[in-house]
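Report on one structure; see the data block that follows.
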Amino acid sequence: MSVPDLSVVIPIYNEEAVLLEFQLRINSVLSKLDLSYELLYVNDGSTDNTLNLLQQLKTEDTNVCFINLSRNFGKEAAVTAGIDNAAGRAIIIIDADLQDPPELIPELIKPWRDDGIDVVYARRRSRAGESWIKKTTASFFYRVMGQIGPVALPRDTGDFRLMSRRSVEALKTLREQHRFMKGLFAWVGFPQQEVLYDRDKRFAGETKWNYFKLWNFSLDGITGFTTAPLKLATYLGFIIATFAGILGLKIIFETLVNGADVPGYPSVMVVILFLGGTQLMFMGILGEYVGRIFNESKNRPLYLIQDFEKSNDLQKFDEKMAVVNEE
Ligand code: UDP
Ligand code: MG
């Protein structure tokens, strides 16, 4: 059995409109390189014609293999399934919607091949076709994460990257349920290098992200990598208690010395509402962490594989092993 030099992992969910175009473009890039490769598609429970197209691609192209997950698990799980089962000496993760240009792949490979760089990630020079809200929220998020997280996340990078075998093996040991991939990539470390590119618009089809998902995604990022929000409650509580103490002294002083009436209802209302609000908010933050502990403690698999259509080489190897085992 020969190990391919390169495994390209492609998570794919309802991409019938782009799949064939993607396959054409990536093949025209990879066939020009002098290395062996496999295209490992991970079908993440698509409900359209994607699976049929994959089957068709596999019969036409011996480099194609695919994993079919039992349902939609989300992109992070799909990427994980691909990484876990990719055989190559290096792995490239790329989106199927052609927002990550396959033409960049030779540039990703070069630092790995020439200098043994373990992680070569593509960094967007521009974000074509994205609203300013998305741009500002993204930039805000990176700033916050950079300040409070344990490792700095490279800005403007997605999952599009090349990883060497040893960094992949390291990544495979991180089995948390809430998979904030950018954080996991950064956590692993190893020599890294960036390659700049211009991010294209989606070729066809629709993004699977909406603002609610993005919000949850940032929550995963923050709660998965830092417990800083938990400390906020301590500090805020301390500050409020100090103010309350000073206010209390002032009221006692005014009543005893000046004999002034303390105006009641409005100030009491404000204090009660303020404290009630902050308490609820921090209970919510606590809840985020507790919920995550709950999910992790169940220790469920990250994804379930329904079929694994291996490349021909691997299939032959499996058949040979089956014969050996019977004997
Ligand atoms: N994707 C997936 N599972 C999902 C959602 C998306 O495998 O539940 C794949 C999708 O097919 C594409 C990639 O992940 O190849 C990126 O998805 P999308 O373009 O929707 O994300 P965006 O580029 O907007 O971040
Ligand atoms: Mg996209």
Side-chain angles (χ1 to χ4, degrees), residues 7-26 39-54 57 64 66-86 91-102 104-105 121-124 126-135 137-139 141-142 153-161 177-185 197-218 220-221 302-307:
S7 295
V8 183
V9 168
I10 311 127
I12 185 157
Y13 175 52
N14 291 348
E15 302 283 8
E16 58 178 2
V18 286
L19 182 52
L20 296 180
E21 173 74 16
F22 173 82
Q23 170 76 11
L24 275 181
R25 267 181 60 185
I26 195 153
L39 294 171
L40 176 53
Y41 289 95
V42 183
N43 177 34
D44 187 16
S46 299
T47 49
D48 63 358
N49 204 22
T50 300
L51 184 59
N52 292 333
L53 289 178
L54 282 177
L57 284 183
V64 169
F66 68 88
I67 291 173
N68 189 27
L69 298 183
S70 63
R71 63 169 170 85
N72 178 259
F73 281 89
K75 182 183 173 186
E76 278 69 31
V79 168
T80 309
I83 288 175
D84 288 348
N85 293 288
I91 292 184
I92 285 184
I93 304 166
I94 186 170
D95 285 359
D97 60 0
L98 292 170
Q99 278 191 296
D100 304 334
L104 198 72
I105 288 180
Y121 55 85
R123 181 169 166 197
R124 303 188 273 271
S126 63
R127 287 172 160 234
E130 283 182 2
S131 66
W132 66 270
I133 304 185
K134 195 165 174 189
K135 284 184 207 167
T137 46
S139 133
F141 172 71
Y142 282 110
L153 299 181
R155 292 174 67 106
D156 294 332
T157 57
D159 296 340
F160 187 25
R161 65 187 57 227
Q177 300 281 333
H178 293 270
R179 301 190 75 70
F180 179 65
M181 291 308 270
K182 279 179 215 194
L184 299 183
F185 291 138
Y197 77 109
D198 290 307
R199 189 162 172 84
D200 294 330
K201 282 202 188 90
R202 226 173 197 289
F203 178 77
E206 270 180 12
T207 174
K208 279 93 198 169
W209 288 100
N210 54 39
Y211 279 104
F212 185 63
K213 274 195 181 172
L214 278 174
W215 168 246
N216 276 325
F217 178 72
S218 0
D220 269 348
L302 300 173
Y303 54 82
L304 288 176
I305 293 181
Q306 191 171 311
D307 322 286

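When a ligand or atom number is given, it counts from 1 through the structure's own listing order.
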inquiry  = Taking N, O or S atoms only and a limit of 2.8 Å, check whether Asp95 reaches the Mg ion (ligand 2).
reply    =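 No N, O or S atom of Asp95 is closer than 2.8 Å to the Mg ion (ligand 2), so no.
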inquiry  = Can you tell me which residue among Asp84, Leu40, Asp307, Asn43 is in a side chain to side chain contact (heavy atoms under 4.5 Å, CB included) with Ile67?
reply    =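 Only one of Asp84, Leu40, Asp307, Asn43 forms a side chain to side chain contact (heavy atoms under 4.5 Å, CB included) with Ile67, namely Leu40.
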key: Proximity to ligand 1 by part of Asn72, non-hydrogen separation under 4.0 Å   =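 Near ligand 1, Asn72 shows its side chain, while the N, CA, C and O stay back.
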Close N or O approach (Ala78, ligand 1; < 3.5 Å) =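 It does not: no N or O of Ala78 is found under 3.5 Å from an N or O of ligand 1.
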Quick one: closest heavy-atom pair of [X] and [Y], and the distance?
| X | Y | result |
| --- | --- | --- |
| Ile91 | Val9 | CG2-CG2, 3.8 Å |
| Leu69 | Ala78 | CD1-CA, 4.1 Å |
| Phe73 | Asp44 | N-OD1, 2.6 Å |

ask   = Could you give the distance from CG (Asp95) to NZ (Lys75), rounded to the nearest 0.5 Å?
value =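 That separation rounds to 3.5 Å.
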Enumerate the atoms of ligand 1 whose separation from the nearest heavy atom of [X] is less than 4.0 angstrom.
| X | result |
| --- | --- |
| Gln99 | 19 (O), 22 (P), 23 (O) |
| Ala96 | 15 (O) |
| Asp44 | 2 (C), 3 (N), 4 (C), 7 (O), 8 (O) |
| Glu15 | 10 (C), 11 (O), 12 (C), 15 (O) |
| Ile12 | 7 (O), 11 (O) |

query = Looking from the Mg ion (ligand 2), what is the angle between OD2 on Asp97 and OE1 on Gln99, to the nearest 10°?
reply =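 That angle works out to 100° after rounding to 10°.
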key: N/O donor-acceptor pair under 3.5 Å between Asn72 side chain and Gly45 backbone   =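 No, Asn72 side chain to Gly45 backbone: no donor-acceptor pair under 3.5 Å.
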request  = Go through the side-chain N and O atoms of Tyr121 and Lys182 and say whether any donor and acceptor fall under 3.5 Å apart.
outcome  =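 No, because no side-chain N or O of Tyr121 sits under 3.5 Å from a partner of the opposite role on Lys182.
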